[in-house]
Amino acid sequence: MPKWIFVTGGVLSGLGKGLVSASVSKLLQQRDLTITPIKCDGYLNVDPGTMNPHEHGEVFVLEDGTEVDMDFGHYERFLGVETSGKQNLTSGKVFKQVIEKEREGEYLGKTVQMVPHVTDHMKDLMREAGEEKDSDINIVEIGGTVGDIENQVFLEAVRQLRSQLPEEDTYLIHTTLVPYLDTVGEQKTKPTQHSVKELQSLGLEPDMIVGRSGEELDEEVRRKIALFCDVEEEEVISDPDLEYIYQLPIELDEQSVDKIIAGKMQLAEKNGGLKEWRSRAENLKNDTISSIAICGKYTDIDDSYASVEEALKHAGAELGGQVEIEYIGTEEFHKEDLEGFDGVIIPGGFGSRGVEGKIQAIEYCRENDIPLLGLCYGMQLMTVEFARNVLGIEDAASEEFADDKEGQELVVAEMSGQKDIDEMGGTMRLGSYTAEVEGQVKEIYGSATATERHRHRYELNPDFHDRLEAEGLKISGKMQEGNLAEYIELPENNFFIGTQAHPEFTSTFENPNPLYLSFLESTT
Ligand code: GLN
């Protein structure tokens with residue numbers, strides 16, 4: 001039977017509960033325990049696939065093709081494990097299933113209620129997610145804060161689990177904000193006290209309080225929180241601002257977080273010490289080895305490209321230094337914007353906004369042999385640029401942004417055959433696909449195949465493959481079953497590679513993605 005750790009949050013959302021969950025999981029993993037991260041989100045969307053990155057940050061895609069909350073990116077990057085769609089519960093998903101069960105008559109005429117029917121279903125889904133992975137510990141993060149209306153049912157399910165299981169089998173970590181008040185020059189504990197009261201009013205007692213703050217928590221502050229919130233002083237943990245998220249497991253290790261948890265949960269005595277992790281994290285403090293421009297549409301919110309940024313940092317840590325990342329908006333693009341950068345990334349995206357600027361950026365990189373990595377939309381636009389400027393097809397476009405879909409040459413288009421192999425039933429190609437690779441890409445992966453995750457609707461139009469190749473744009477990776485282009489490269493350039501996939505989703509701190517690594521290497 002697995003043990004359970006629950007992570008809740010108070011005062012504000014966005015305190016980094018996902019990072020706390022991922023870091024605690026990492027520490028426990030170092031004790032040779034297997035961990036299944038589970039995330040519960042209160043919103044009514046069935047999954048975040050349709051949510052605007054402006055509002056919700058990046059949509060993370062799992063190997064099985066499920067679109068999930070970006071916290072899954074942290075879990076996978078920290079733990080180096082693959083998660084599954086079962087591990088993301090949303091209110092929308094739970095309610096939909098309960099209502100479907102009701103329509104099928106499964107409740108045998110009973111009045112279907114939040115408690116026990118919805119809470120029972122939540123507990124079943126959490127257990128199922130855990131069973132699928134069969135780990136020692138399921139760590140369940142409840143999104144948002146304890147005061148949110150939409151979280152009440154999840155928290156009630158947590159309360160029931162806590163009261164049904166032996167005391168040593170569950171643990172609750174509550175993350176709060178400890179603000180520093182300039183005028184009085186001290187850290188304030190009142191918001192934490194209130195938020196713990198709110199938690200207690202839901203029948204939940206915290207075992208550990210993690211206080212987000214600018215600096216380490218003062219001794220006096222820890223004492224006060226311990227006293228008011230019914231935990232031991234050592235169970236009040238500092239979670240100060242850190243330059244890199246990868247420092248958090250180290251910060252928590254230094255406060256013996258895993259040891260404290262292991263004591264209460266009666267886990268085997270062992271400390272992994274984070275040796276490999278620490279040496280990589282040290283590298284992030286070294287000098288900058290490369291500066292990279294990411295040309296995108298959502299330039300005002302970098303969470304939209306969280307995985308791309310992290311994958312670059314993983315590669316940096318492996319190569320021994322920091323990577324400077326700057327966002328360049330392409331709605332108004334000038335070639336001078338790219339001067340001084342060692343490499344350029346054209347990330348994934350949707351719609352027509354900023355597209356022409358991205359194409360100009362690609363042209364600039366191709367002509368000046370500046371290392372360029374094109375991701376998904378980025379690769380599609382690399383092809384459009386090549387078709388326009390090298391093949392001389394002036395109106396070359398993607399079906400996604402062509403004004404005249406019938407009249408223009410659609411180098412990137414929706415492939416009708418594609419819909420048959422779409423497992424999600426929607427129109428997007430989602431999840432892992434394997435490509436047969438050759439050329440530079442084969443060398444980079446060190447293998448004749450490469451498996452990466454996808455999230456896109458359009459494909460490079462196979463009618464153009466031969467013409468593009470004839471002019472030197474090599475299609476260096478094709479989907480194993482089918483004639484779809486997965487990688488392109490321009491062998492005459494140092495690094496000019498595009499992929500239809502999102503290799504950033506498989507990059508982890510301890511095992512950087514080879515394509516990112518090679519790209520970064522080419523910029524140093
Ligand atoms: N908009 C493009 C498509 O749907 C690319 C998507 C992406 O970059 N994720 O095919």
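Treat the numbers as computed from the prediction; the structure is a model and nothing was measured. We count ligands from 1, going down the list as the structure has it; atoms in each ligand are counted the same way.
Summarising the local packing, NZ of K101 is surrounded by more than 12 heavy atoms from other residues, nucleotides or ligands at distances under 6.0 Å.
Here the heavy atom of the protein found nearest to atom 9 (N) of ligand 1 is R455 O, 2.8 Å. At the shortest separation from atom 10 (O) of ligand 1 among protein heavy atoms lies Y458 N, 2.8 Å. At the shortest separation from atom 7 (C) of ligand 1 among protein heavy atoms lies C376 SG, 3.0 Å.
Heavy-atom contacts of G348 reach the following atoms of ligand 1: 8 (O) (cutoff under 4.0 Å). Taking every heavy atom of H456 and a limit of under 4.0 angstrom, the matching atoms of ligand 1 come to 3 (C), 4 (O), 6 (C), 10 (O). When each atom of ligand 1 is checked for a heavy atom of G349 under 4.0 Å away, the hits are 1 (N), 2 (C), 5 (C), 6 (C), 7 (C), 8 (O).
F509 and Y246 have their aromatic ring centers within a separation under 6.0 angstrom.
No donor-acceptor contact under 3.5 angstrom links the side chains of E76 and T508, judged on distance only.
Proximity of Q380 to ligand 1 is established by a heavy-atom distance of less than 4.0 Å. Ligand 1 is approached by H502 to a heavy-atom distance shorter than 4.0 Å.
When all heavy atoms are compared, the tightest approach of L15 to T175 is CD1-O, 4.0 Å. Considering every non-hydrogen atom in both K96 and V46, the closest pair reads CD-CG2, 3.8 Å. The two residues Q360 and K335 make their nearest non-hydrogen contact at O-CE, 4.1 Å.
Taking each of R457, E400, E459 in turn, the one with a heavy atom nearest to atom 2 (C) of ligand 1 proves to be E400.
Ring geometry for H502 versus F505: interplanar angle of 30 to 60°, hence tilted.
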